[in-house]
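Everything below concerns the one structure shown next.
These numbers come from a predicted model, not from an experiment.
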Amino acid sequence: MSEGTYTLFKEDVALTTVREESDEAEPNDVDTVPIPPSVDPYDLQLDSGRAAKARVADYESLDYDTCYNVPYKQELKKRTKFTYWQLNVMRWVTVGIIGAVTGLVAFTISITMRSLSKLKYTQFKYVVSETVPMGLPVLSLFVLIGFNALYGLISAILTALEPVASGSGVPEIKCYLNGVKVPGVTKLTAFFVKSVGLVFSTAAGRVTQIMSSLL
């Protein structure tokens, strides 16, 4: 054994001794549960690790960084000015299509939501006009309760079928842009459930963010 190795070994022993003394000196404010002798702590760590991996097994990591390898550099050398112009045109066309579709969806959501609300309040006014001469205007409140309950039930059933559409969509989009793909966040069913559920929940009188489905 060399002298340098021996010195390093002595320093490790000294550090270990200091750590043991500091651990003994610090008060233990956290209640600890003793592990039975028949249970191996290493097995507990393995079980907790498997449980953590199972919870995130469906999550996918995305990589947006460009890999500047040899094939990619060769591809860049083959590109001409027309190729770059074509890429720019395709990007602007894609952005334009996304904007047009987003506006169409927002218009459809707004019109449908107003139509459902108009139907609810039209029936409410009709019942009010019929029950006021009878001296029972309170019955008209059951019309509002019935429509709101029906709209809310439809929204709840759709959300139960696609739970990923229950939130506002902002955390999921932030995860996606940061490289973490949440399972089901980009499916068409999630978009449909979020849009239709938003229409019915807003028509039911709930305070919701109308633009959340467009995220």
Side-chain angles (χ1 to χ4, degrees), residues 50-67 84-128 139-215:
R50 294 191 188 99
K53 290 182 180 179
R55 287 194 298 268
V56 298
D58 296 333
Y59 289 77
E60 182 181 355
S61 179
L62 304 176
D63 189 6
Y64 297 111
D65 296 331
T66 303
C67 183
Y84 286 104
W85 178 84
Q86 188 178 11
L87 289 175
N88 290 330
V89 171
M90 292 175 59
R91 290 170 181 172
W92 281 109
V93 170
T94 304
V95 171
I97 293 174
I98 293 174
V101 173
T102 303
L104 180 62
V105 171
F107 176 77
T108 305
I109 289 175
S110 179
I111 293 298
T112 308
M113 182 180 60
R114 291 185 180 184
S115 300
L116 293 175
S117 299
K118 183 178 180 180
L119 175 63
K120 178 177 66 174
Y121 289 113
T122 300
Q123 296 298 322
F124 173 72
K125 291 180 181 179
Y126 173 76
V127 175
V128 168
L139 295 178
S140 59
L141 296 177
F142 291 98
V143 176
L144 289 179
I145 295 175
F147 272 98
N148 291 337
L150 178 61
Y151 292 162
L153 180 62
I154 295 175
S155 177
I157 292 175
L158 292 175
T159 306
L161 296 177
E162 193 65 49
V164 73
S166 60
S168 64
V170 176
E172 289 81 2
I173 293 301
K174 285 184 177 181
C175 289
Y176 192 87
L177 295 178
N178 286 322
V180 179
K181 185 178 180 181
V182 180
V185 71
T186 56
K187 293 194 304 184
L188 290 178
T189 54
F191 170 74
F192 174 79
V193 169
K194 186 179 287 291
S195 300
V196 178
L198 178 65
V199 168
F200 280 97
S201 61
T202 306
R206 296 186 58 190
V207 180
T208 55
Q209 178 59 270
I210 302 177
M211 296 295 108
S212 63
S213 63
L214 306 179
L215 297 175

If you take all heavy atoms of [X] and [Y], which pair is closest and at what distance?
X      : Y      : answer
Gly152 : Ala204 : N-CB, 4.0 Å
Ala190 : Val164 : CB-CG1, 3.7 Å
Lys120 : Asn148 : NZ-OD1, 3.0 Å
Leu158 : Gly197 : CD1-N, 4.2 Å
Phe200 : Ser155 : CB-CB, 4.2 Å
Tyr151 : Leu116 : OH-O, 3.2 Å

Handout entry: Separation of Lys187 NZ from Lys194 NZ (nearest 0.5 Å)
Key = 13.0 Å

Handout entry: Value rounded to 0.5 Å, distance of CH2 in Trp85 from CG in Leu87
Key = 11.0 Å

Exercise for the section: Please tell me if the side chains of Lys174 and Val170 come closer than 4.5 Å, counting only heavy atoms from C-beta onward. Expected result: yes

Exercise for the section: Without swapping roles, check the side chain of Ser201 against the backbone of Leu198 for a donor-acceptor pair under 3.5 Å. Expected result: yes

Exercise for the section: Would you check if the side chain of Ser110 reaches a backbone N or O of Ala106 as a donor-acceptor pair within less than 3.5 Å? Expected result: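 Absent.
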
Exercise for the section: For Thr189, enumerate each residue passing the side chain to side chain donor-acceptor pair (under 3.5 Å) test, keeping only those at least two apart in sequence or located in another chain. Expected result: Glu162

Practice task
Check whether more than 12 heavy atoms from other residues, nucleotides or ligands sit under 6.0 Å from atom CG of Leu188, and answer yes or no.
Solution key: no

Handout entry: Pairs meeting criterion ring-ring contact (aromatic ring centres under 6.0 Å, His included) with involvement of residues 100-126, two or more places apart
Key = none

